[in-house]
There are 2 protein chains.
Amino acid sequence: MLTGVIDMLTNRQLLVLKVIIDDFIETAQPVGSRHIAKKDQVSYSPATIRNEMADLEDLGYLEKTHSSSGRIPSEKGYRYYVDHIMSPLQLSKNEVNQIRYSFSNRMMELERVMQNSAHILSELTRYTTIVLGPQVYETKLKQIQIVPLNNQSAIAILVTDKGHVEHRSFAIPGDLDQSDLEKTVNILNEKLAGVPIVYLSQLIETEVKYLLEKYTNDYQKSYELLNQAFFTEQPTNLYVGGKSNILAQPEFTNVERVRALFNIMENEEDIAPLLKATDEGLHIFIGHENKIEAMNKCTLMTATYSLGDNQYGTVALLGPTRMDYAKAVSILDLWSTQMSQSLQKWFNEQ
Amino acid sequence: MLTGVIDMLTNRQLLVLKVIIDDFIETAQPVGSRHIAKKDQVSYSPATIRNEMADLEDLGYLEKTHSSSGRIPSEKGYRYYVDHIMSPLQLSKNEVNQIRYSFSNRMMELERVMQNSAHILSELTRYTTIVLGPQVYETKLKQIQIVPLNNQSAIAILVTDKGHVEHRSFAIPGDLDQSDLEKTVNILNEKLAGVPIVYLSQLIETEVKYLLEKYTNDYQKSYELLNQAFFTEQPTNLYVGGKSNILAQPEFTNVERVRALFNIMENEEDIAPLLKATDEGLHIFIGHENKIEAMNKCTLMTATYSLGDNQYGTVALLGPTRMDYAKAVSILDLWSTQMSQSLQKWFNEQ
DNA sequence: TGTTAGCACTCAATACATCCGAGTGCTAAT
DNA sequence: ATTAGCACTCGGATGTATTGAGTGCTAACA
């Protein structure tokens, strides 16, 4: 369990640090020497514990809330705990099943899966969950459809090879020829199917424009239509679940602090870059390791999941620095493995 | 402005009640007699005001927070204010423009408009905004598309005549004949286009099943596919904006209370029925007039908007009972009028 | 030499007393 | 009918004492 002497810490210091952090994670109360000495795992007197605690404080792993209070872990303490002490928690049968089951579902659509995952993960962890859909550099256009609703309006539907559906309704430019509409769609499908969607607008400009000019009666109208229907900013597909779990944490009884956090989470522009920037694998950002001020009392734990083709999505848990790291790691790990497996089964078995 | 003697209240009582409620709505502080007497509109001494306030309290329109405090409006007071005293606020040029502009947008898709509206209304009012999409009894299927992604999966897309797009990916039943897939889609479109979507599943059972049996090679497979793709529960289309505005209200510094509210708003099943049940027009539910306990300190203001064809959607503002009723009414009024106009222009001009 | 008992000390939390002032209700004067 | 005057109320702020959980340090001990 305890991996012996690491850094400069003795085994006993490791033990004390672990017990304190475990206890604080559970109770959110400063931990005193007497309290520790009473635990089964510990066979020293309060006085001895006090000495060790004083040393751990000098080393920066513990803090006091006031001069005669018990100790709480510092951010450095959590960092050490996460890096060297904790071992992933064995998840309960029930927790494993819930995650597994959420992927066994026959309906398998990125949007729904992500939305659902955000929900389930937040239920299991009681933290806020953020799921960022995969980056779409490699996603290719599968098909374009245009469905006219009436004389004036129609819906353009883009389907990508990853099953993402984007739709947009638009006004049909006054008295556009019906056959021109059809021709336009045909030209689009012919030229654009299989094209990575990041190149879409570029290709419309270079290739499609010219074809439209040649084959449709009213080139100007068709082009106008295209612009209306397809110049859509890339949507960041972000799914947040269990936002209000934050309110249950004792460290967030201060409404102002909660407000600051909510503001961040309600702005995709604030939160998306945080997840996009993370490297592959599981990462933990403790307290001030988060650049955003409102998250200084929070831990953000991120993990990536893979669609193959070097395409990654990110999932994150946001909780207090006093997060149940062992459990969170296990859950995030299991989820991202399952997610990756499911996605690859769906999209890459040719 | 003041409509003379109503109920049993004298003009002066009306004036005092109005001034108190207006002031309390603004400041959230109990209003004292001295404070009122100083206002320009009021030309009586504090003592006189005190007498009137005592009477208004006896009648149940005002309350004290403690025996020597100023007065705050009771729920009955707000009700009276809303019904008889207040006059809609003249909106600023800027506010009107923001609402108008949000409809002038060329992109016109129900989902986006509603999402956008929830956002704008919450910005303008600083209350939480809930937009419930129109009930779809009359919505008809426009077209069905199936886009195969690869050998095993495909996406089914349903477009309704109101421009709503529903999509679902599904597994293609093992080695389903390609021509059978096409035939199935053709049969579906032929038989189901124009059908109100509430009857969809029924019609598949009665009419389509039989046709499939007749014209496709592997009837069983096609039918299996249909079931996978189209048996979708009716989604309640609910859009919430500015949830965290609640946190800015001084009456919600109590985290527990906020949590209760958030829980309600995060459950569609809780909040949707509230809006669905409202009658046409604008309605105000003050404090305990809301059945849900967590909303006992809130006012819910609902308004309906129309798509024609007797189809209604609902928009609502949720704020403290100390809501700026005059402004909220004006904004909701303007919005729902604009929304109705826009929708009817889009969907009913043939 | 590492461990622990003992003890003085610290400080947040709690309770309690006091004071202040905004606000009321009532009475008597205008 | 209105208002000035005044005694009274009570929440909130401020000050003080008490309590108890916890510490650091020292000296004794195995």
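What you see is a predicted model; the values in this text were computed from it and never measured. Labels below follow one simple rule: chain letters A, B, ... track the order of the sequence lines, proteins then strands, and each chain is numbered from 1.
For the pair A:Pro30 and B:Thr48, both in contact range of DNA chain D, the more 5′-proximal nearest nucleotide belongs to B:Thr48.
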Candidate pair B:Asp324 and B:Tyr127, rule side-chain hydrogen bond (donor to acceptor under 3.5 Å, both in side chains), full reasoning = CA-CA 10 Å; B:Asp324 188 340; B:Tyr127 302 125; 5.6 Å; no

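Looking at the side chain of B:Ala47, the nearest of the listed nucleotides D:dT23, C:dA5, D:dA4 is D:dA4. In this structure, of C:dG6, D:dG11, D:dT2, it is D:dG11 that holds the atom nearest to the side chain of B:His66. Comparing atom distances between the A:Ser67 side chain and each of C:dT24, D:dT2, C:dC11 picks out C:dC11 as nearest. Considering only side-chain atoms of B:Ser68, the nucleotide from C:dG23, D:dC25, C:dT4 that sits closest is C:dG23. When distances are taken from the side chain of B:Ser45 to each of D:dA4, D:dG24, C:dT3, the shortest belongs to D:dA4. The side chain of A:Ser33 approaches D:dT23 more closely than any other nucleotide in the set D:dT23, D:dT3, C:dT4.
When the side-chain nitrogen and oxygen atoms of B:Arg12 are compared with OP1 and OP2 of D:dA1, none of them lie within a distance under 4.0 Å. Contact check, A:Lys64 against D:dG24: a side-chain N or O comes under 4.0 Å of OP1 or OP2. OP1 and OP2 of C:dT24 both lie 4.0 Å or more from every side-chain N or O belonging to B:Arg34.
In this structure, the side chains of A:Arg79 and A:Glu289 come closer than 4.5 Å at one or more pairs of heavy atoms.
For A:Phe252 and A:Phe262, the ring centers are positioned 6.0 Å apart or more.
The distance between atom NE2 of B:His35 and atom P of C:dA22, rounded to the nearest whole Å, is 13 Å. We find that CD1 of A:Ile72 is positioned 14 Å from C1' of D:dG22, with the value rounded to whole Å. Look at CZ on A:Arg50: it is 9 Å from C1' on C:dT4, rounded to the nearest Å.
Using a cut-off of 4.0 Å between Lys/Arg side-chain N and Asp/Glu carboxylate O, A:Glu52 and A:Arg12 are scored as salt-bridged.
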